[in-house]
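Here's the structure we're looking at; comments come further down.
Numbering of ligands and ligand atoms starts at 1, following listing order. Worth saying up front: this structure is predicted, and the values here are computed from it rather than measured.
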Amino acid sequence: MGKKGFNTTNLHSDRRDNPEHGVLHKAIHTSVAYGYDDARQLAEVFQGKRAGYNYGRQLNPTVSALQNRITAMEDGIATAAFATGMAAIASTLLSLLRQGDHIVSSAYLFGNTNSLFGTLQTLGIEVSFVDATDVSHVESAIQKNTRLVFVETIANPATQIADLKAIGELCEDRNLIYCVDNTMTSPHLFSPKTVAASLIVNSLTKYIGGHGNALGGAVTDTGIYNWSKFTNIYDTYKTQAPELWGITQIKKKGLRDMGASLGPEAAHHLAVGSETLSLRMDKACSNAKILAEYCAQNSKVNRVYYPGLKSHPQHQRAKELFKDFGALFSIDLVDNVDCFDILNKMDNIVSSSNLGDTRSLAIPVAHTIYFEMGAERRASMGIADSMLRFSIGIEDIEDLLQDFQQALA
Ligand SMILES: *Cc1c(COP(=O)(O)O)cnc(C)c1O
């Protein structure tokens, strides 16, 4: 049998894993602990000699089924799921990096990731922030102690697109871990494995879960990075094949020791949500394109940030790499138009901080999610005071258009 398509694989994922009673959805397993009739088997599970469950912080059957779905979606070899996307990022980096290490990061980052990298700096892990839309900036920032490069696919809110393919080649050449946050594109629009990503981060809270009703995060190993060349793997985690060393250390240090584990109820919501990822994303992308194009010709709008516009600096790159241009865009208003007034005139678009929901949401960026970082860093990231970010949902386009028409009249 040939390899099945993205949707078919996902829809039948739980069923293929021989679930109890032939259920089509993996059950929500709430048990924290697992009993063994033979105490020797319990010991073997602890020692990694037998597959099995020992304690809910490390593994849970419902979460494990979700991990398998994400692994299949990203065409990877293994996934660790976490309570949130931030937990996935923090646990991954804290598991793999040590004091004195250096990472190169895109300067265009999700705000909380940016803040987290500031914390890493206080712990003795150096971070260089560069304009990752051009690989040459990443290359010049590499030092002798560089271990990892971190980028997002489409940055939020200004939609810069990292030089994903060239950075992948650079990381392979320099033997660096290439960590790609695929949240904004989701595995439906983009497969970071095709640009040689080592680790793929997804906030499951966003497009994969898709309904704004559960938090979750994941990191997937693509199998591309050769962990036997990585000096930070502890000897105890080198018992299996080298391709599993990285994810094993992330699960042991990140999940078991740091403990931001995903709950089974959330895992179930996220798994069900993921089944319609393609349908939702296609509709949301189509809606976003129409609205971004409307904004681009509106006189109250100074600038539109959307990779689907020909004027976008990385439009060609987005066309080559992604199935579509994403469902998020931002606008800067012209002087004397108040961003709060515009939002308050919208009826179907909710003033809200999330993205990747089925509902359209909007936020005044500088005054909310990017407030804490201060004016200077905002300016360096190209975030204007009047910027509005729209995460477009799957509503009927006529209703969304009407909102924009009356708010920007
Ligand atoms: C939301 C988001 C995160 C964090 O995910 P949470 O699930 O909210 O913790 C990380 N990266 C990107 C690009 C995001 O949009």
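If you check each of S203, G216, S391 against atom 5 (O) of ligand 1, the one with the closest non-hydrogen atom is S203.
The protein heavy atom nearest to atom 9 (O) of ligand 1 is M86 N, 2.8 Å. Atom 3 (C) of ligand 1 has as its closest protein heavy atom F110 CE2, 3.4 Å.
Where the criterion is an N or O separation shorter than 3.5 Å, residue side chain and backbone included, D181 meets it with respect to ligand 1. For ligand 1, one of its N or O atoms has an N or O atom of K206 under 3.5 Å away. Taking only nitrogen or oxygen atoms, main chain and side chain alike, A87 does not reach within less than 3.5 Å of ligand 1. Checked against a 3.5 angstrom limit, the closest N/O atoms of G85 and ligand 1 fall inside it.
Ring pair F117/F150 is perpendicular by interplanar angle, where above 60° counts as perpendicular and below 30° as parallel.
Using a 4.0 Å cut-off to heavy atoms of T205, the atoms of ligand 1 that qualify are 6 (P), 7 (O).
Under the 6.0 Å cut-off for aromatic ring centres, F129 and Y108 do not qualify, their centroids lying 6.0 Å or more apart.
Under the 4.5 Å side-chain criterion, counting only non-hydrogen atoms from C-beta, Y55 is in contact with V32.
Residue K289 qualifies as open at atom NZ: its count of foreign heavy atoms under 6.0 Å is 12 or below.
A salt bridge between D357 and K206 is absent, with no side-chain N of the basic residue lying under 4.0 Å from a carboxylate O of the acidic one.
Under 3.5 Å, the side chains of H211 and T358 contain no donor-acceptor pair of N or O atoms.
A88 does not count as a contact of ligand 1, since none of its heavy atoms falls under 4.0 Å from the ligand.
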